[in-house]
Novice: 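Dropping the structure in here first, questions after.
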Amino acid sequence: MSNGPNNRTQPVTDKYFFQASAVEFKKIPGCPIAYWASASIYSAFDCAKRISDMTSLHRGISTGNTDLFARVWHEVPIENLCIGANSVESARLSGARWFPYNRGGSFRKWYGLGIDILDYENDGRRMIEAAKKGESPGFRHDGSAEYFLPTITWTALTAGKPSFRLLEAGYILGHKGSSIKTPDSSRLAFLSLFNSNTFERFLEYTSPTLDINISQLSSLPLPDNFDFSQAGNVAIELVNLGKTDWNSYETSWDFINLPLMRPECRQPKLHLTYQKLRAVWREMTFEMQRLEEENNRIFIEAYSLQDELTPEVPLDEITLTCNPHYQYGNSKSEDELEALLLADTMRELVSYAVGCMFGRYALDKPGLILANQGETIEDYLKRVPEPSFPADDDNVIPMLDGDWFTDDITERFREFLRIAFGEEHYEKNLRFVEQALGKDIRKYFLKDFYNDHVRRYKKRPIYWLFSSPKGSFNALIYMHRYQPHTVGTVLEYLRDFKDEKLQARKNHLEAVSISAGASQGDKTKALKEIEKINKILAELDDYERDVLYPLATEQVEIDLDDGVKVNYPKFGEALKKITGLSQ
């Protein structure tokens with residue numbers, strides 16, 4: 001018989017053989033043949049109290065048709081979304097259609113991962129009706145009495161370590177986002193226990209598979225005569241750190257402002273701003289590591305497992321987005337990790353700038369500005385009467401290889417940088433952004449921005465890219481400001497680019513090619529560029545005739561409540577293809 005996990009044995013006859021009593025196995029719920037378990041582990045399991053003595057565990061809803069009833073929060077009009085309902089009754093009275101939906105998620109402790117929402121208007125009326133019609137097979141309305149109450153959740157199916165998080169009031173529980181109901185006074189202390197390495201060790205014996213289920217959690221031991229207050233105080237700090245980190249990114253519904261733009265970090269020189277912010281992030285990471293190790297120490301002592309476990313927590317298990325060891329893994333050097341974090345931070349700056357261009361955000365006011373269907377520049381100006389960096393007035397921003405339009409996305413980003421950080425150090429600030437991104441800002445917009453946006457928004461982009469087949473013409477719109485005439489506005493930009501700007505450039509080059517005063521080199525260069533323009537014109541003529549003009553005349557209607565997956569394909573080949581969305 002070979003060594004079991006972690007080579008912990010009790011007793012050991014020699015290094016290859018073990019002796020263990022079947023009586024000891026029975027102390028562990030499910031009676032696993034855990035021959036490698038130590039006496040301390042058996043003793044911990046041989047206690048009077050179980051998790052189930054002080055908690056109750058609940059499964060959540062199975063929609064039966066996730067595509068139909070679930071969304072990511074940024075897809076829908078914000079006025080149709082209710083955050084923070086504290087009971088089924090308050091959710092019903094809100095009149096909202098969409099509510100936070102806990103579906104589990106990746107490895108993250110303490111707080112976060114709230115991006116999913118569920119159609120639960122009138123207690124899930126649409127789901128119930130669909131189930132009756134046979135349109136959502138597998139629908140189960142489990143645990144509804146526990147919806148919207150503060151609780152603890154975990155990721156049920158995990159390939160790595162278990163992770164438990166606080167759910168504040170307002171969530172509907174999902175089948176893979178189950179909940180642990182605890183007394184209010186001890187909720188955070190239980191969260192501390194669940195995220196301790198002691199609890200993780202117990203799960204190794206009761207949950208050997210990847211799926212951590214309710215029965216396995218219920219049967220785990222509680223320490224005898226344990227005062228939970230100390231652990232609860234530690235958890236308060238850990239949750240606050242996790243919450244601050246999660247809400248620092250625009251994919252959180254509680255996002256207020258970009259960390260780089262906050263007064264306590266902001267400097268005229270962007271590289272100094274980043275240095276201050278990086279110092280804050282480093283301090284947050286080390287503080288969370290210190291607190292988690294203190295938390296581990298509390299429970300190691302409570303279960304008398306000092307000979308079994310140590311409190312240390314590696315940096316890659318400190319689940320803050322601002323922690324590069326967690327974000328990118330420990331296999332990279334410190335220099336590589338820092339470069340990745342800097343690049344991502346500059347991508348977030350660019351993304352926030354684009355949000356300001358469209359009026360989703362504003363430099364002069366925190367939080368979301370335009371986030372309802374069909375909102376206009378007039379709606380924006382009502383909320384931000386004198387913007388320092390105004391939103392685009394027609395909801396179409398060209399993204400081209402060259403300075404063809406004054407409202408081109410590259411020009412607008414440069415303007416944003418000047419206004420946000422000042423004119424004096426503009427050139428250095430732009431260079432800092434470009435060096436972090438590894439390329440010229442225009443090239444970033446043309447080659448990388450949209451892919452980054454689609455990835456950031458979980459393949460449910462809020463900015464849609466109208467793009468000709470070879471990408472010679474690109475224009476971005478904001479879906480919340482979309483109106484049936486928007487495609488017609490994109491068409492106007494295309495015609496202006498094609499029939500006015502490109503044609504004028506071609507005429508100039510043709511004059512150069514026959515000019516007596518031009519050198520042969522200039523003539524040759526002009527002829528090559530003419531040939532290139534002719535190919536672009538042919539591409540854009542086809543795109544206009546076959547795709548964009550017919551779409552503009554169609555006056556396509558969308559309903560944001562239907563979600564990106566339904567609305568995006570309505571525009572067919574006019575939009576940049578996204579795997580899983582495009583027709």
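This is a predicted model, so every value here is computed, not measured.
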Novice: Can you confirm whether I462 sits close enough to H480 that some side-chain heavy atom of one is under 4.5 Å from a side-chain heavy atom of the other?
Specialist: yes

Novice: W73 and side-chain contact (heavy atoms from CB on, under 4.5 Å): which partner among I83, L81, D116?
Specialist: L81

Novice: Please name all residues satisfying salt bridge (charged side-chain N to carboxylate O under 4.0 Å, His left out) with D364, sequence neighbours left out, ordered by chain then number.
Specialist: none

Novice: Can you name the residues that form a ring-ring contact (aromatic ring centres under 6.0 Å, His included) with Y249, not counting sequence neighbours?
Specialist: none

Novice: Please tell me if the side chains of N296 and T198 come closer than 4.5 Å, counting only heavy atoms from C-beta onward.
Specialist: no

Novice: Identify the heavy atoms of A130 and F69 that sit nearest to each other, and give their distance.
Specialist: CB-CZ, 3.6 Å

Novice: Of all residues at least two apart in sequence or in a different chain, which pass the salt bridge (charged side-chain N to carboxylate O under 4.0 Å, His left out) check with D119?
Specialist: R97, R126

Novice: What donor-acceptor contacts under 3.5 angstrom involve side-chain atoms of residues 233-243, with partners at least two apart or in another chain?
Specialist:
| unit_1 | atom_1 | unit_2 | atom_2 | d |
| --- | --- | --- | --- | --- |
| N233 | ND2 | S229 | O | 3.4 |
| N240 | ND2 | I236 | O | 3.3 |
| K243 | NZ | E168 | OE2 | 2.7 |

Novice: Test ring-ring contact (aromatic ring centres under 6.0 Å, His included) on Y361 and F255; report intermediate values, then the result.
Specialist: CA-CA 10 Å; Y361 310 114; F255 173 78; 5.4 Å; yes

Novice: Once rounded to the nearest 0.5 Å, what's the spacing between atom CH2 of W246 and atom SG of C322?
Specialist: 13.0 Å

Novice: Between D344 and Y328, do the side chains contain a donor N or O and an acceptor N or O under 3.5 Å apart?
Specialist: yes

Novice: Is it true that atom CD of E283 has more than 12 heavy atoms of other residues, nucleotides or ligands lying nearer than 6.0 Å?
Specialist: no

Novice: Determine which pairs satisfy ring pair (Phe, Tyr, Trp, His ring centres under 6.0 Å) with at least one residue from residues 367-398, sequence neighbours left out, and list them in order.
Specialist: F389-F416

Novice: Can we call the ring centroids of H141 and F139 under 6.0 Å apart?
Specialist: yes

Novice: Are side-chain N/O atoms of E121 and W98 paired as donor and acceptor at under 3.5 Å?
Specialist: no

Novice: Which value, rounded to the nearest 0.5 Å, describes the distance between L270 atom CG and L349 atom CG?
Specialist: 6.5 Å

Novice: When you measure from the side chain of S179 to the backbone of T153, do you find a donor-acceptor pair of N or O atoms at a distance under 3.5 Å?
Specialist: no

Novice: Taking the side chain as C-beta and beyond, is there a heavy-atom pair between D142 and L173 under 4.5 Å?
Specialist: no

Novice: Yes or no on salt bridge (Lys or Arg N to Asp or Glu O under 4.0 Å) for E129 and K133, after CA distance, side-chain angles and deciding distance?
Specialist: CA-CA 6 Å; E129 290 175 355; K133 296 175 185 176; 5.2 Å; no

Novice: Determine whether a donor-acceptor pair (N or O, by modelled atom type, separation under 3.5 Å) exists between the side chain of S351 and the backbone of E348.
Specialist: no

Novice: For Y352, enumerate each residue passing the side chain to side chain donor-acceptor pair (under 3.5 Å) test, keeping only those at least two apart in sequence or located in another chain.
Specialist: N257

Novice: Can you name the residues that form a side chain to side chain donor-acceptor pair (under 3.5 Å) with S52, not counting sequence neighbours?
Specialist: none

Novice: Decide salt bridge (Lys or Arg N to Asp or Glu O under 4.0 Å) for E293 and R290; before the verdict, give the C-alpha distance in whole Å, the side-chain angles of both, and the deciding distance to 0.1 Å.
Specialist: CA-CA 5 Å; E293 290 178 350; R290 183 190 70 78; over 6 Å; no

Novice: Only counting residues at least two apart or in another chain, list the ones meeting ring-ring contact (aromatic ring centres under 6.0 Å, His included) with F148.
Specialist: F99

Novice: Any donor and acceptor pair, going by atom type alone, linking the side chain of D392 with main-chain N or O of V396 inside 3.5 Å?
Specialist: yes

Novice: Using 30° and 60° as the class boundaries, would you call the ring planes of Y478 and F358 parallel, tilted or perpendicular?
Specialist: tilted

Novice: Has R71 got a side-chain atom pairing as donor or acceptor with L560's backbone, closer than 3.5 angstrom?
Specialist: no

Novice: Keeping T345 on the side-chain end and L341 on the backbone end, is there a donor-acceptor pair under 3.5 Å?
Specialist: yes

Novice: Kindly write out the residues that satisfy ring-ring contact (aromatic ring centres under 6.0 Å, His included) with F194, not counting sequence neighbours, or none if the list is empty.
Specialist: F164, F190, F199

Novice: So, E75 and K565, do they make that salt bridge, N to O below 4.0 Å?
Specialist: no

Novice: For a quick check under 3.5 Å, do S90 and S87 share a side-chain donor-acceptor pair by atom type?
Specialist: yes

Novice: Hey, is the main chain of E200 close enough, under 3.5 Å, to the side chain of N197 for a donor-acceptor pair?
Specialist: no

Novice: Does anything in residues 368-380 form a salt bridge (charged side-chain N to carboxylate O under 4.0 Å, His left out)? List the pairs, not counting sequence neighbours.
Specialist: E375-R383

Novice: Under the side-chain hydrogen bond (donor to acceptor under 3.5 Å, both in side chains) definition, can you give me all pairs with a residue in residues 185-194, not counting sequence neighbours?
Specialist: D184-R187, S192-N295

Novice: Any side-chain heavy-atom pair from Y120 and S144 closer than 4.5 angstrom?
Specialist: yes

Novice: Can you check whether I180's main-chain N or O pairs, donor with acceptor, with T151's side chain at less than 3.5 Å?
Specialist: yes

Novice: Show the numbers, then the answer: is there a side chain to side chain contact (heavy atoms under 4.5 Å, CB included) between L203 and L220?
Specialist: CA-CA 8 Å; L203 282 169; L220 293 179; 3.7 Å; yes

Novice: Can you measure from CZ (R282) to CG (L320) and round to the nearest 0.5 angstrom?
Specialist: 13.5 Å

Novice: Is a side-chain donor-acceptor pair under 3.5 Å present for N474 with S467?
Specialist: yes

Novice: Would you check if the side chain of Q289 reaches a backbone N or O of V313 as a donor-acceptor pair within less than 3.5 Å?
Specialist: yes

Novice: Tell me the closest heavy-atom pair linking V566 and P569, and the distance in Å.
Specialist: O-CD, 3.4 Å

Novice: Would a 4.5 Å heavy-atom cut-off, applied to side chains only, mark I172 and N102 as touching?
Specialist: no

Novice: Checking side-chain polar atoms at under 3.5 Å, does Y111 have a donor or acceptor matched by the opposite partner on N247?
Specialist: no

Novice: Just grab all the salt bridge (charged side-chain N to carboxylate O under 4.0 Å, His left out) pairs involving residues 244-263, residues at least two apart or on different chains.
Specialist: R108-D245

Novice: Please work out which of the three classes, parallel, tilted or perpendicular, describes the rings of Y444 and F449, given edges at 30° and 60°.
Specialist: perpendicular

Novice: Output the distance between atom NZ (K576) and atom CG (L476), rounded to the nearest 0.5 Å.
Specialist: 12.0 Å

Novice: Ignoring hydrogens and geometry, is there a side-chain-to-backbone donor-acceptor pair from R266 to A420 under 3.5 Å?
Specialist: yes

Novice: Can you say whether the rings of H453 and Y463 are parallel (under 30°), tilted (30 to 60°) or perpendicular (over 60°)?
Specialist: parallel

Novice: Distance from E264 atom CD to T273 atom OG1, nearest 0.5 Å?
Specialist: 11.0 Å

Novice: Any sub-3.5 Å donor-acceptor pair from D316's side-chain atoms to Y326's backbone N or O?
Specialist: no

Novice: Look up atom CG in D559 and atom CD in Q373, then write down how far apart they are to the nearest 0.5 Å.
Specialist: 5.5 Å

Novice: Considering all heavy atoms of both residues, which atom of I115 and which atom of T251 are nearest to each other, and what is their separation?
Specialist: CG2-O, 3.7 Å

Novice: State whether the number of non-hydrogen atoms from other residues, nucleotides or ligands found under 6.0 Å of R92 atom CZ is greater than 12.
Specialist: yes

